[in-house]
Amino acid sequence: MELSATTQGDLLVVTVCESRIDAAGAIQFKERMREVTDTPSSRVLLDLSQVQFLDSSGLGAVVAVMKLLGAERKLELSGLTPTVEKVFRLTRMDRVITIHPDLREGLRDAG
Amino acid sequence: MQADPFCQTRCLPGAMATIHLESEFLAVREGLGRVLCLPDMLTLGADLRGMVEIVLVEVLNNIVEHAYAGQTGPIEIALRLCPDRLACHVQDRGRPFPPGGPPPGILPEGKTLNDMPEGGYGWHLIRTMTTDLHYSRSEGINHLRFCIPIEAKPPLYG
């Protein structure tokens, strides 16, 4: 599970460099996120623009990461591809997590 | 395992494609790749193919996690593309569903961040995107049959 992380001010941007977050990769995703979010930041923006597919295990892993970060450190998403967006919408997770249309919007809102 | 042409009475006759895979998460990923490359699947739009992938991955992962629960075993997927639906029949030799059959797929919700469940979303996705879901067990084989509507269905949530 390849993730790349960059710090922009008080924002940590994590890009998932994989095409899927599914049952075969959800645990590694969670573990890698735990490692990269060790870098302090007030918010974490998860860039999913390269992820073409996410299943309920992947969704559960995103929820686990939100809990890991705690209420004080918000997790936001950007760049959802159509199938990934559908999973977040049908599970109504889009009401719980801030979703930016793309990375640029996510960064601008951080402004 | 023999796939039965269960939707013969309601659909136009058509070729049924059958895919076999072992009960393992990586095999599910690879098997889905084969499903999505079937000639019939390539006629569907990207959106529908995404729906088919979500439903099948949830059904198959459920078999890996709960029916076989760590053991390996065969899974067979039979698919028939009809004018208005994709009819699916999935078979495995794992444990049966608990009494009451497949879960109703009620969306798990949490009031606060810490209450939010990390699982339980799979059956909600399956139930939302399928019709005519039917489960039966005979001679040690689980049979799950369902259809994925491929047109003329209004959006599920505004």
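Just the heavy atoms: all of them, side chains too, but no hydrogens, waters or symmetry mates, feed the values below. Each chain gets a letter, A, B and so on, in the order its sequence line appears, and its residues count up from 1.
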- Flag yes if A:V51 and A:V36 sit in one hydrophobic cluster, no otherwise; membership is Ile, Leu, Val, Met, Phe, Trp, Tyr, and two members link when side-chain heavy atoms are under 4.5 Å apart. yes
- Query: Should we count CG of A:D102 as having more than 12 external heavy atoms under 6.0 Å?
  - Reply: yes
- Shortest non-hydrogen contact from A:V63 to B:P117? CG1-O, 3.6 Å
- Task: Can you measure from NE2 (B:H124) to CG (A:L59) and round to the nearest 0.5 angstrom?
- Result: 10.5 Å
- With a 4.5 angstrom heavy-atom cut-off, could you sort out which part of B:P108 is near chain A: side chain, backbone, both or neither? neither
- Honestly, the part of B:L125 sitting under 4.5 Å from a heavy atom of chain A is side chain
- Just jot down the side-chain contact (heavy atoms from CB on, under 4.5 Å) partners of A:T15, sequence neighbours excluded, or say none. A:S4, A:V13, A:C17, A:D47, A:Q50
- Query: For A:D55, is it the side chain, the backbone, both or neither that has a heavy atom under 4.5 Å from a heavy atom of chain B?
  - Reply: both
- Near A:I27 CD1, under 6.0 Å, is it more than 12 heavy atoms from other residues, nucleotides or ligands? no
- Item | Atom CZ of B:R34 with >12 non-hydrogen neighbours under 6.0 angstrom | yes
- Find the one option among B:V64, B:V57, B:V28 whose heavy-atom pairs under 4.5 Å with chain A are most numerous. B:V57
- Task: Identify the heavy atoms of A:A24 and B:L26 that sit nearest to each other, and give their distance.
- Result: CB-CD2, 3.8 Å
- Note on the structure: dist B:I126:CD1 -> A:L90:CG (nearest 0.5 Å) comes out at 12.5 Å
- Message: So for A:V96, is it side chain, backbone, both, or neither that comes closer than 4.5 Å to the heavy atoms of chain B?
- Response: side chain
- Task: Considering non-hydrogen atoms only, spot the tightest contact between A:T83 and B:G50 and give its length.
- Result: OG1-CA, 3.6 Å
- Query: Is there any salt bridge (Lys or Arg N to Asp or Glu O under 4.0 Å) pair reaching into residues 49-60 of chain B, and which pairs are they, with sequence neighbours excluded?
  - Reply: A:R20-B:E53
- Query: Atom CD in B:E118, atom NZ in A:K67: separation rounded to 0.5 Å?
  - Reply: 4.0 Å
